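This structure is a prediction, so every number in the text was calculated from the model and none was measured.
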Amino acid sequence: MRRPRLKAQPRGAVYQAPSLPWAPLGLGSMAVFRSGLLVLTTPLASLAPRLAPILTSAARLVNHTLYVHLQPGMSLEGPAQPQSSPVQATFEVLDFITHFYAGADVHKDLDVRILLTNIRTKSAFLPPLPSSVQNLAHPPEVVLTDFQTLDGSQYNPVKQQLERYATSCYSCCPQLASVLLYPDYGPGELPVEPLDVPLPSTIRPASPVARSPKQPVRGYHRGAVGGTFDRLHNAHKVLLSVACILAQEKLVVGVADKDLLKSKLLPELLQPYAERVEHLSEFLVDIKPSLTFDIIPLLDPYGPAGSDPSLEFLVVSEETYRGGMAVNRFRRENGLEELALYQIQLLKDPSHKENEEDKVSSSSFRQQMLGNLLRPPYKRPELPNQLYVIGLTGISGSGKSSIAQQLKRLGAFVIDSDHLGHRAYAPGGPAYQPVVEAFGTDILHKDGMINRKVLGSRVFGNKKQLKILTDIMWPVIAKLAQEEMDQAVAEGKHVCVIDAAMLLEAGWQNMVHEVWTVVIPQTEAIRRIMERDGLSEAAAQSRLQSQMSGQQLVDQSHVVLSTLWEPHVTQRQVEKAWALLLKRIPKTPSGP
């Protein structure tokens, strides 16, 4: 079905930035805008080496959404108002779009969207260019261009032509500003006469015929593309843009969900399906509103591409090309024609860190979230003024205790809830008699100590028995923890960590300013529990089933960490989280 257009956002506040040395002549101080439209008029082959400085200049003026309109060869000088004209979709154009998004990845906070309405494939069934103004989700507040006047000035008639051209094509803010960009091309960034050198090939059609840059791209009625589309990034945008150019009527977009997410790295940090679809819908309708988009959950490896007879092509990446081949085998087996496969080259991430992928990927973005504050801390006026309290939790086997020890070395006062439980269970402890009365004397060692293994075998997997135990233990441990907090204050500590696997189940989040959760895949947790406690796989699974899942914990957490990698990688996460913590907690004269 056709996705509804999202409402345009109201114009953001515009503020004046200090005077910048690179500002074009006559502009003085420059405003920073939330959204902008960049109109590129230089021929693509000559434009490619100029892209980095152009993007840098644009990013200094626009800080949120940058729309890009390709109109190679257009002049803004002369009396006649320039008109939007079709740009033939060739492999050079597709390669340029890939090159542009790859270059834009340096500007991580800038949402770049190359508009495709005027980019047309070679096809007999193309509709004419729309005569009406195209609505955009974030109406541009400024229009920029690489077009340059001979004297290098902000020539008013040229700017007026630019503004008229922009408003004739797209919905812009009423007080539209305009800027002719004169990027500072550093040494070696641009040849004196830009060479007409083809861009590296990034799109490979399935046809064995060798493609050339000027070769027109074929158009199709309907096609498909699929992915997880978590935190929509520039590699996703390349995949989607190529699919939108190829499709002339309808594009089916499969969004991975449920079982297909289980194998993802750090699945607990994936955006919810509805949120991913919302961002995807807005992007697609922005770049090519003439298409009908059918966005559906992808629940198996084939999805609609394996069964829809009306589809003609499938866009895949280098990683998913084998999956595309499998889709075609599946179609052949079911009497359907094969899909034309278009393979997109992965975008490299030159700034990736150790244990991150060397490509632009959502997995790396999720790794980079580890240690960051994900939501505002709780206000806890009832806690001691001098103490900032962290609740550290995670499923059994997650490695939270090792992280607690690292935080202790960094200066935190650590309260071990397991240790408090031992104190409560000990003969004469506040929970000893109530537990013995509830579960009988056969849970005792000969010396009168409670046998925790025997007690554990009684309660794990038995919800009724577990509730009896927790109703006794949790209030006792909470009281002991409060006494430990008083001790932390007495010792002059300012950061306290409560290490508790059942922190949220027990309701102890009302005792902390932030919840920090340690996550690992359940399969790894089971392996660690079996190795550490000598339990069977079934017993380890039973123990995890009695706890909240990693996803449930993350949904209520302020900071997420993981011990999935080597110890030094975890240590870097903890040190990052600690450094960020110290920046946001109330300043104290003697430190943590």
Do D486 and Q482 pair up side chain to side chain, a donor and an acceptor below 3.5 Å, judged on atom types alone? no
Within the side chain of R543, is there an N or O that forms a donor-acceptor pair under 3.5 Å with the backbone of G456? no
Donor-acceptor check, side chain of H419 to backbone of D416, threshold 3.5 angstrom: yes or no? no
Sidechain-backbone polar pair: T563 side chain, S398 backbone, donor-acceptor under 3.5 Å: yes
Establish, from distance only, whether the side-chain atoms of H513 and R380 form a donor-acceptor pair under 3.5 Å. no
Does the K576 side chain pair with the main chain of L370, one donor and one acceptor, at a distance under 3.5 Å? yes
Within the side chain of Y273, is there an N or O that forms a donor-acceptor pair under 3.5 Å with the backbone of V255? no
Whether F365 and H233 hold their rings parallel, tilted or perpendicular, with breakpoints at 30° and 60°: perpendicular
With distance as the sole criterion, is a donor-acceptor pair present between the side chains of E483 and Q487 under 3.5 Å? no
Taking the side chain from Q271 and the backbone from R231, do they hold a donor-acceptor pair closer than 3.5 Å? yes
Do you know which two heavy atoms are closest between L374 and M369, and how far apart they sit? CD2-CE, 3.8 Å
Got more than 12 heavy atoms from elsewhere within 6.0 Å of CG, D442? yes
Angle between ring planes, Y378 versus H558, binned at 30° and 60°: parallel, tilted or perpendicular? perpendicular
Close side-chain approach of V519 and T517, heavy atoms under 4.5 Å: yes
Are side-chain heavy atoms of D349 and E357 found at a separation under 4.5 Å? no
Ignoring hydrogens and angles, tell me if any N or O in the side chain of Q547 forms a donor-acceptor pair with the backbone of S396 under 3.5 Å. yes
Does the pair K264/D230 count as a salt bridge with the N-to-O cut at 4.0 Å? no
With a 3.5 Å cut-off and no angle check, do the side chains of E575 and Q571 form a donor-acceptor pair? yes
Could you tell me whether R528 and E531 have a side-chain N and a carboxylate O separated by less than 4.0 Å? no
Step-by-step salt bridge (charged side-chain N to carboxylate O under 4.0 Å, His left out) determination, K237 to D111: CA-CA 10 Å; K237 293 176 183 179; D111 179 5; 2.6 Å; yes
Side chain E318, main chain L346, donor-acceptor under 3.5 Å: yes
Do S417 and I415 have side-chain heavy atoms sitting under 4.5 Å apart? no
Are I477 and W508 close enough that some pair of their side-chain heavy atoms sits under 4.5 Å apart? yes
Can a donor-acceptor pair be found, under 3.5 Å and without considering hydrogens, that links the side chain of T320 to the backbone of V316? no
